[in-house]
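Remember, it's 1-based here, ligands and their atoms both numbered in the order they're listed. Source: prediction; values computed, not measured.
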Amino acid sequence: MTDGTIEAAGTSVLLMLNNDQRDRAAGVLLGAACGDALGVPYEFAEPLPGTAVPEMVGGGLGPYAPGEYSDDTQMQVCVAEVAATAGDLRSEEALDGIAERFLRWSLEGASDVGLQTSGVLAATARAGGLARSMREASADLHRKTGRTAGNGSLMRTGIVALPYLADPVGMAEAARLVSSLTHFDDLAGDACVLWCSGVRRAVLDATFDGVREGLDLLPAERRHHWAAWLRDAETGPPGRFSPNGFVVPALQAAWSAITHTANLSDGLVAAVRVGNDTDTVAAIAGALLGARYGLSAVPDEWRARVHGWPGLRADDLVSLARRAAEPTAGRVR
Ligand SMILES: [Mg+2]
């Protein structure tokens, strides 16, 4: 076997990553965290003028320290910790591990919590359960409100792709399961599947083609809607996709920022300039930009500054992402 290839032997699949692929996998969580920290100071504020360059100066709704990331990355770290240890996120045990970490985070680490996630976590805590209670609370919220397609599961989804670099179907299942812990609506799950598909192909082949390829992993009846939404984002401009609390314009804002720029830094700056939920849009964009351009594309200044709950810095985020990618890089599953 050579690096960077997939070999199937019976039912097992072994994927060895080459050095470039390892660099890109290592950039997923750090890219998200940098986007988050860059967007924090401008969340729900007046959009930045086209010439202003966002900086990791903190403040925002927290208030946050300079370089500190917010709930988007905090929750993605919860998922990453399970991905790094369990590998496969589809078992009830792994989903319980994520649910348990979300609850602990809401008590110990949450600097701010999205409205939808907050309601689901509070109901789960009252029920005293883990993944099953969380899913039930999420479904209950949907029955009551009919509105559970917020951007809060997409913002934490990029890391889900890493244990499934050799298994796109398993990746789609995991993306939807992790999303549905807090977001019952199919559109939130669809968005997570598309984004993870993008992250997966970006790590493997340094391309953004995986986002559109992810359409094949969606139920047929919703593919044409998503194809049209992606097309709208590609024709842009990114600023059209505000407000972006709903998962569709959140994905469109991130996708438009990415498709209208040519490197990681410019992509994150464009994502913040969209305005409204700036940290979330930039965190979403950052996971895919990190996957496409890699750890080595993250500016040193951002790498030095970014940090957050539970006491992590850039090297810790890189290590978590590397470990999440390991099951397919190092052992037969
Ligand atoms: Mg946030």
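- At a cut-off of 2.8 Å, Asp72 is counted among the residues with an N, O or S atom near the Mg ion (ligand 1).
- The atom name of the N/O/S atom in Asp279 closest to the Mg ion (ligand 1) is OD2.
- For the residue pair Tyr42 and Asp279, no side-chain donor N or O sits within less than 3.5 Å of a side-chain acceptor on the partner.
- The backbone N or O of Leu17 sits less than 3.5 Å from a side-chain atom of Arg22, completing a donor-acceptor pair.
- For Asp71, the nearest N, O or S atom to the Mg ion (ligand 1) falls under 2.8 Å.
- Counting heavy-atom neighbours within 6.0 Å of Glu92 CD, excluding the residue itself, gives a total above 12.
- The Mg ion (ligand 1) lies under 2.8 Å from an N, O or S atom belonging to Ser70.
- No side-chain donor-acceptor contact under 3.5 Å links Asn151 and Thr280.
- Residue contacts to the Mg ion (ligand 1): Asp36 brings no N, O or S atom closer than 2.8 Å.
- Side-chain N/O atoms of Thr117 and Arg156 include no donor and acceptor closer than 3.5 Å.
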